[in-house]
Amino acid sequence: MPIRLLPPVLVNRIAAGEVVERPAAAVKELVENAIDAGAARIEVTLREGGQALIAVADDGCGMSPDELSLAVERHCTSKLPDDDLLRICALGFRGEALPSIGAVSRLRIVSRPQAAANAWEIAVEAGRKSPPIPAAAPPGTRVEVRDLFFATPARLKFLKTPRTERELAVDMVRRLAMAYPRIAFSVTGDDERMLLRLPAVSDRPARLAALLGRDFAQNSLAIAAERGGFRLAGLAGLPTLNRALPRDQYLVVNGRPVRDKLLVGAVRGAYQDVLARDRHPIVALFLDGPDEEIDVNVHPAKAEVRFRDAALVRGLIVGALRHALAAAGHRASTTVAAAALGAFRPAGGAGAGHPGHWGRFAFPPPPAASALALAEAADDFPAPAAPAGESPTPAPLPEAPLGAARAQLHGTYILAETAGGIVLVDQHAAHERLVHERIKEALATHGVARQSLLLPEIVELGETQSARLAARAGELAEFGLVLEKFGPGAVVVREVPALLPGLDVAALVRDLADELAEWGQALSLKERVETVCGTLACHTSVRAGRRLTPAEMDALLRQMEATPNSGQCNHGRPTYIALDLADIERLFGRR
């Protein structure tokens, strides 16, 4: 079959398959265009999840009739004034979105420049363009996309339900709204139902609080760090505020929301010893850096970026997040206490003084006689006996966040009294974290102990990979892995970390070679050492069921207050629950 040039309509439909895979992708492209146009207000309308109608209206700079004609042609853009692909300062730059959308839908654009006397309208249906005609409209631009994918019916089979597509489109607007708090956004769905309304605000924290809710605002840590010309800011949730899926991780690079593997991996690496592997933190991070150090032209939908120095960026994110988590000390999220209180709140309308169901427990109303007998029996109930040689009088409350230990419950939980309430501590989880941090500190102080292999292990690799590993041999030795080049395409491993018994040396070396090729930084070994630290801590910490003396319980509380990350164990579970006296009084109808 001879080589031939494809017709423009078919070319645009192929491009649409790369750029506009679903309604949310079209929403992203159109909203980005509105942001680039300098809009202060952007209104999005969705019908049937965006399949029937997507309308995006803005009050930006608008377009003249000549510009309208060019806007729906491939590779026409106003966003590369110097034709420099290394300095891309706009969100859109390829010049493919509008012609691609027009190739698979019925597209209508009405635009009016700010100083123009009237607006102009252009229509594109399945790739066929009509000439611009005069129209009536306020300054700005309104883009309507009707019957998306009607020209490519096969694509319709791969769309989800209208509700799912609508949620994905709204989430896309949320991500863009995070990056641009000074712009007002709104999204309207079927039957004029308001799906999202965000007024313009002056700062980023206010926008984040509006989008992510009060729980996140109260249980997040401020992030601010700088390295090598890159600046990182935003908020990171406490480990005990986590999710089963990573969908609540918002990452923005130079104003561009992205889903980048490097950034997601850096977040996971920062939380890896305070969260279980199947749990994910909530973060909203904003990374700004020199345009020439970031390549945004690596993905048709601009969803990924590439960094010239990936190791620097990963190190900045991991370091900043870990520093913030360590500075949080023993702090745990308030949602832990809220969940505990929720288990005891009355259900079915029962309140203080009324019989009913409290959480998962039902209490029938006692007869008056039984209540009297119970009150009399209480007078005869013996008070807890104090240990020999100790005063039965409770010790005064210390000026400490976790208070003074008053009792041990079921050999597992420590009950402490604070000036403003009570604290319930899981002794095993708390001590597990203390031991873990102690092991990490010892590793940082004395280095990783090494163990020589009785028979050095030879690992076959490619020439490039073996050379790359040999070049970083000094750094790897600091982590306890001693290796050297062994002929062409192989390395020989002579010593391994003593903390990693039963280590699969060959698999580890190959993983390190792959990561050096992708990130330029050896992190797997360090992360594996930390994982083993967690395992050691779990097996050497105070077990549930062990009786502790009052002095031991108080010592545990004081150590928790002085230890980073002690609000959660190595798996992300809370180590304690703090209940305010006011909340307890509400449970008993005293407030």
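Only heavy atoms go into these numbers, but all of them, side chains included; no hydrogens, no water, no symmetry mates.
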Provide the closest heavy-atom pair for [X] versus [Y] in the form atom of the first, atom of the second, distance.
X: Leu148; Y: Pro23; result: CD2-CA, 3.8 Å
X: Val72; Y: Pro99; result: O-CB, 3.3 Å
X: Arg314; Y: Gly269; result: NH2-CA, 4.5 Å
X: Pro239; Y: Leu275; result: O-CD2, 3.3 Å
X: Val20; Y: Ala25; result: CA-CB, 3.9 Å
X: Leu469; Y: Ala513; result: CD1-CB, 3.9 Å

To the nearest 0.5 Å, how far apart are [atom1] in [X] and [atom2] in [Y]?
X: Glu32; Y: Ile42; atom1: CD; atom2: CD1; answer: 10.0 Å
X: Ile3; Y: Leu5; atom1: CD1; atom2: CG; answer: 11.5 Å
X: Arg214; Y: Asn219; atom1: CZ; atom2: CG; answer: 10.5 Å
X: Asn242; Y: Gln568; atom1: CG; atom2: CD; answer: 9.5 Å
X: Arg243; Y: Arg279; atom1: CZ; atom2: CZ; answer: 8.5 Å
X: Arg256; Y: Leu287; atom1: CZ; atom2: CG; answer: 13.0 Å

Are [X] and [Y] side-chain neighbours, meaning at least one heavy-atom pair lies under 4.5 Å?
X: Val143; Y: Ile101; answer: no
X: Leu195; Y: Val173; answer: no
X: Val187; Y: Val27; answer: no
X: Asp309; Y: Phe230; answer: no
X: Met178; Y: Leu212; answer: yes
X: Val253; Y: Asp260; answer: no
X: Arg175; Y: Lys28; answer: no
X: Ser220; Y: Ile282; answer: no

Salt bridge check, Arg308 against Glu292: does any charged N sit closer than 4.0 Å to a carboxylate O?
no
Side chain to side chain donor-acceptor pair (under 3.5 Å) pairs touching residues 179-195, sequence neighbours excluded, are Arg47-Glu192
task = Would you list the pairs meeting side chain to side chain donor-acceptor pair (under 3.5 Å) in which at least one residue belongs to residues 115-125, sequence neighbours left out?
result =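 Non-adjacent pairs meeting side chain to side chain donor-acceptor pair (under 3.5 Å): Arg106-Glu125, Arg108-Glu121.
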Please walk me through it: do Val44 and Phe185 pass side chain to side chain contact (heavy atoms under 4.5 Å, CB included)? CA-CA 8 Å; Val44 181; Phe185 291 84; 5.9 Å; no
Using a 3.5 Å distance criterion without hydrogens, assess whether the side chain of [X] forms a donor-acceptor pair with backbone atoms of [Y].
X: Arg207; Y: Pro199; value: yes
X: Asp59; Y: Ala40; value: yes
X: Arg22; Y: Ala169; value: no
X: Gln51; Y: Glu48; value: no
X: Asp147; Y: Phe150; value: no
X: Arg204; Y: Leu208; value: no
X: Arg174; Y: Leu211; value: yes
X: Asn254; Y: Gly289; value: yes
X: Asp295; Y: Arg306; value: no
X: Asp511; Y: Leu508; value: no

Show your reasoning for whether side chain to side chain contact (heavy atoms under 4.5 Å, CB included) applies to Ile109 and Leu98. CA-CA 10 Å; Ile109 307 174; Leu98 290 178; 4.1 Å; yes
From the list Ile223, Leu312, Leu232, side chain to side chain contact (heavy atoms under 4.5 Å, CB included) partner of Ile317 resolves to Leu232
Evaluate the criterion side chain to side chain contact (heavy atoms under 4.5 Å, CB included) for residue pair Ile54 and Leu46; output intermediate values, then yes/no.
CA-CA 5 Å; Ile54 298 171; Leu46 302 172; 4.1 Å; yes
Across all chains, not counting sequence neighbours, the side chain to side chain contact (heavy atoms under 4.5 Å, CB included) partners of Ala137 are Val110, Ala119
Verify side chain to side chain contact (heavy atoms under 4.5 Å, CB included) between Tyr250 and Asp171, making sure each step is shown before the conclusion. CA-CA 10 Å; Tyr250 301 91; Asp171 182 67; 3.9 Å; yes
